[in-house]
Amino acid sequence: MAEVVLKNLTKRWGGFVGVDNQSLHIADKEFLVLLGPSGCGKTTTMRMIAGLEEPSSGEIWIGERMVNDDLPKDRDVAMVFQNYGLYPHMSVFDNIAYPLKVRGTPKADIAPRVRAAAEKVELTHLLDRRPKALSGGQRQRVALARAIVRTPQVFLMDEPLSNLDAKLRVSMRAELKHLSRELQITTIYVTHDQIEAMTLADRVAVMNHGVIQQLGTPDEIYNDPANLFVAGFIGSPAMNLIDGSIREGHFVTTGGTRLTAVRAADRARVVLGVRADDLRVSEPGEGDIDVPIYAFENTGEATLLTVQWGQQRVIARGDRHLRKEQNDIVGLSLNPDHLYLFDPDTGRRLTA
Amino acid sequence: MRDNTLKYLLVLPAVLLVFATAIWPLVESLRLSFTVGRLNRPPSLQQYIGFENYTWAFLEEPAFWNSVWVTLAYTAVTVSLTTVLALGLALLLAPGGRLRSGVQTLLILPFAMSPALIGVSFRFMFNPEFGLFDAFFGFFMPVFAGVSWLADPVLAFAVCVMADIWGWIPFLTLVLIGGLSSIPRETIEAAQVDGAGGWRLFRDVTLPQLAPVLAVVVILKSIFSLKTFDQVFMLTNGGPGTATQTLSHYIYFNGLKYGQIGYAASVAWLMVIPMIFLTYAYAKFVFRKD
Ligand SMILES: Nc1ncnc2c1ncn2[C@@H]1O[C@H](COP(=O)(O)OP(=O)(O)OP(=O)(O)O)[C@@H](O)[C@H]1O
Ligand SMILES: [Mg+2]
């Protein structure tokens, strides 16, 4: 149980910067999610905290200690590796027991603790197998069990659920959430699954190109994106981003349509962001604009309408009972309370 | 059908070649081992004498037993020393090890030298008057100053061992480096995070995963140590006395020097037996399926 502090942490390989001057304060017992596209430096950040990668510059603090010069074994962290890192010559039981054995846990305590950990990830029937004889999802659960068998200062989990099937992923997610509340251990969790990030995190750090783009609660990240990248990355479907300008206090698309719902100071170029949920679908003539349907999708719990608006395509979410055909005309109206304006050059959010 | 015939026709030369150069001599030497087999007598006089050559070796020839012990000692010492040293070097030189990998290429050099040449150069280097090693050892350990290494039974044996190890370490190091680099890096890293370091990490994670390659190294080196001939021949010629006379050297002496080819063949066949076991074990490890 400890806070983790990163101070100006940088990792460079030759000229390539993997993690760029990152500073982050993770509170004791906090569940922090690192979220970002592939290659943005999530694993690298995590490996530096674990001591497997040496930072090019900057400091790492765990609790009261600067751990830059500590070996991984002395940092008292537990890690779930993205590619599992199971010991191929040991049974599942021995894999899970290894951290306990190495750290000198009394023999009598080992077996019950291994069983308990295996139970949490639904592995008890596989304890005698070798990793080679397991599926990807099963291996991942062994890796998870090996991490939670101990109570370290910090959990580091690198996409621990990425290889599970949809159903197991949901139940493991709940298990992890429960576990983190129960154990109260600081956790840093890497994922590029937004639902995981949203449901598990106390705070989310959205990363891109080795830089944290925004750090905030899931709510803030979703409802108050700091820039174009976060706005476009969070949410499924992604936020609609529409090019245009502000003239006479109103947003005008590049195609010339004026939207009175948007009010702001005049500006030559802006990007308007609006989520699919904040677009209301209506009959032609009843909304702010009339647009033809490019594609109509029914997901069961809702409908998704991709419409052709001038040069751009925009996605709106409709009622689940709505039935439309391609090329039908529908009306769309924007919810004026949930619109975002961005500077297209810097990507920064503009306050209205 | 035509394809099938062609298939056999194409491998036929190879089969014939193996038969002519390996199988036939083997069978022929087995036959010889049951005869008087003198090089200086015509074949018509080479009568069949049953197991007499074998019983002679076992019961009447202390020199045979001497060479058995020399060979076993030689094998035990060279195999264990070479393996341990090669493993140590491999750990230093493997990716992520402590030394630059450029050194790796230099390593193959001693292996490129013929064992006979190694023997000759070691003989020069241990010459008591102008030898390099002799001067070196004499300087740092005055006990050895001016000692005639190759004239002392124990020291001569030690020199043979040194030359052997020097010639073999590079190749086996390379093999072990290959084995080490095929161990998944995450398993090592996971163990480090789990709390293992140094010796513990090596024993629990590295060594078990290296075991199959290590077994190949030990078996391969055992095979080569058991049949050591050329180095010993050039360095000590089995001497002083018979202190460094390996089985191969003993066979050579009896067969080609004394002309007792039948007797030599029977001793050679006694050597074939452990060789077959080792070769079988080797093949099993090399062609093992996971
Ligand atoms: N040893 C290395 N040498 C050079 N570049 C590296 C090295 N390791 C990682 N990188 C680069 O650093 C960047 C960040 O890698 P990292 O593994 O942290 O990405 P990630 O965010 O975990 O991605 P993913 O979601 O695909 O796992 C990548 O562009 C990668 O190519
Ligand atoms: Mg990664």
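Quick note on labels: first sequence line is chain A, next is B, and so on, each numbered from 1.
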task = Please flag which part of A/Leu86 lies under 4.5 Å from any non-hydrogen atom of chain B: side chain, backbone, both or neither.
result = backbone

Verify, without hydrogens or angle tests, whether [X] (side chain) and [Y] (backbone) share a donor-acceptor contact under 3.5 angstrom.
{"X": "A/His89", "Y": "B/Asp204", "result": "yes"}
{"X": "B/Ser248", "Y": "B/Lys227", "result": "yes"}
{"X": "A/Asn68", "Y": "A/Gly58", "result": "yes"}

request  = Measure the spacing between CZ of A/Arg139 and CG of A/Asn95 and express it to the nearest 0.5 Å.
outcome  =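 Here the rounded value is 11.0 Å.
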
message = Quick check on B/Ala191 against chain A: is it the side chain, the backbone, both or neither that has a heavy atom closer than 4.5 Å?
response =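 Contact with chain A is through both the backbone and side chain of B/Ala191.
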
ask   = Hey, are B/Asp194 and A/Arg103 close enough for a salt bridge, meaning a charged N less than 4.0 Å from a carboxylate O?
value =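 Result for this pair is no, no salt bridge flagged.
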
message = The test is side chain to side chain donor-acceptor pair (under 3.5 Å); show your working for A/Glu196 and A/Tyr189 and say whether it passes.
response = CA-CA 10 Å; A/Glu196 253 170 52; A/Tyr189 187 102; 2.9 Å; yes

task = Between chain A and each of B/Arg185, B/Arg200, B/Gln192, B/Glu189, count heavy-atom pairs under 4.5 Å; write down the option with the most.
result = B/Glu189

remark   = Ranked by heavy-atom pairs below 4.5 Å to chain A, first place among B/Val205, B/Ile188, B/Leu201 goes to B/Val205

ask   = Who wins among A/Lys101, A/Arg47, A/Arg75 for the most heavy-atom pairs under 4.5 Å with chain B?
value =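 Heavy-atom pair counts peak at A/Arg47.
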
inquiry  = As an exercise: rank A/Met79, A/Met90, A/Lys73, A/Gln82 by heavy-atom pairs under 4.5 Å with chain B and give me the winner.
reply    =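 Heavy-atom pair counts peak at A/Lys73.
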
query = Is NZ or CZ of A/Arg146 both nearer than 6.0 Å to the six-membered ring centre of A/Tyr87 and within 45° of the ring axis?
reply =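 Because its charged atom sits under 6.0 Å from the ring centre and within 45° of the axis, A/Arg146 does stack over A/Tyr87.
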
task = Could you please state which residues from residues 109-129 of chain A sit under 4.5 angstrom from chain B, measuring non-hydrogen atom to non-hydrogen atom, sorted by number, or 'none'?
result =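 Within residues 109-129 of chain A, near chain B: nothing under 4.5 Å.
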
request  = Would you check if there is a donor-acceptor pair between the side chains of A/Ser162 and A/Gln140 at a distance under 3.5 Å?
outcome  =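 Yes, A/Ser162 and A/Gln140 have a side-chain donor paired with an acceptor closer than 3.5 Å.
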
query = Do the ring planes of B/Phe157 and B/Tyr74 sit parallel (below 30°), tilted (30 to 60°) or perpendicular (above 60°)?
reply = perpendicular

